Amino acid sequence: MAKKLKITQIKSTIGGKPQHRETIRTLGLKRLHHSVIREDRPEVRGMVNAVRHLVKCEEVD
């Protein structure tokens, strides 16, 4: 069974770099405290790592 990641946006992208705003949108996050569940893949891990100061990430089954 594939692992999944629950990603929650905890900080705003206002005033942030355009690359970070685009990464947040690509992950599927739309507003503060919005959560999405994504497959645990290297691409997703890389995006989460790029915006780790804006999101909270936890593993779920």
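Not measured: the values here are computed from a predicted model.
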**Request:** Report the C-alpha distance between Leu27 and Val51 in whole Å, list the side-chain angles of each, state the deciding distance to 0.1 Å, and finish with yes or no for side-chain contact (heavy atoms from CB on, under 4.5 Å).
**Result:** CA-CA 10 Å; Leu27 285 169; Val51 293; 4.2 Å; yes
**Trace of the side-chain contact (heavy atoms from CB on, under 4.5 Å) decision for Leu29 with Thr13** = CA-CA 11 Å; Leu29 298 167; Thr13 58; over 6 Å; no
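Judged as a ring-ring contact (aromatic ring centres under 6.0 Å, His included), not a single pair has a partner in residues 26-48 (not counting sequence neighbours). Screening residues 38-61 for ring-ring contact (aromatic ring centres under 6.0 Å, His included), with sequence neighbours left out, gives His20-His53. Sorted by first and then second residue, the salt bridge (charged side-chain N to carboxylate O under 4.0 Å, His left out) pairs with a member in residues 11-30 form an empty list; sequence neighbours excluded.
Side-chain heavy-atom separations under 4.5 angstrom define the hydrophobic clusters, and Ile14 shares its cluster with no other residue. Grouping Ile, Leu, Val, Met, Phe, Trp and Tyr by side-chain contacts under 4.5 Å, direct or through others, leaves Ile10 on its own.
The minimum heavy-atom distance linking Val48 with Cys57 is given by the pair CG1-CB, 4.0 Å.
Ile7 CD1 to Lys56 NZ: the interatomic distance, rounded to the nearest 0.5 Å, is 12.5 Å.
For Lys4, the side-chain contact (heavy atoms from CB on, under 4.5 Å) partners at least two apart in sequence or on another chain are Ile37, Glu39, Val60. For Asp40, the side-chain contact (heavy atoms from CB on, under 4.5 Å) criterion is met by Lys3, Leu5, Arg45, Glu59, not counting sequence neighbours. Residues passing the side-chain hydrogen bond (donor to acceptor under 3.5 Å, both in side chains) test with Ser35 are Thr8, sequence neighbours excluded. Checked against side-chain hydrogen bond (donor to acceptor under 3.5 Å, both in side chains), Arg31 has no partners two or more places apart in sequence or in another chain.
Leu54 pairs in a side-chain contact (heavy atoms from CB on, under 4.5 Å) with only one of the listed residues (Ile24, Leu32, Thr23), which is Ile24.
Within 6.0 Å of atom CD in Glu58, more than 12 heavy atoms from other residues, nucleotides or ligands are found, so the atom counts as buried in its surroundings.
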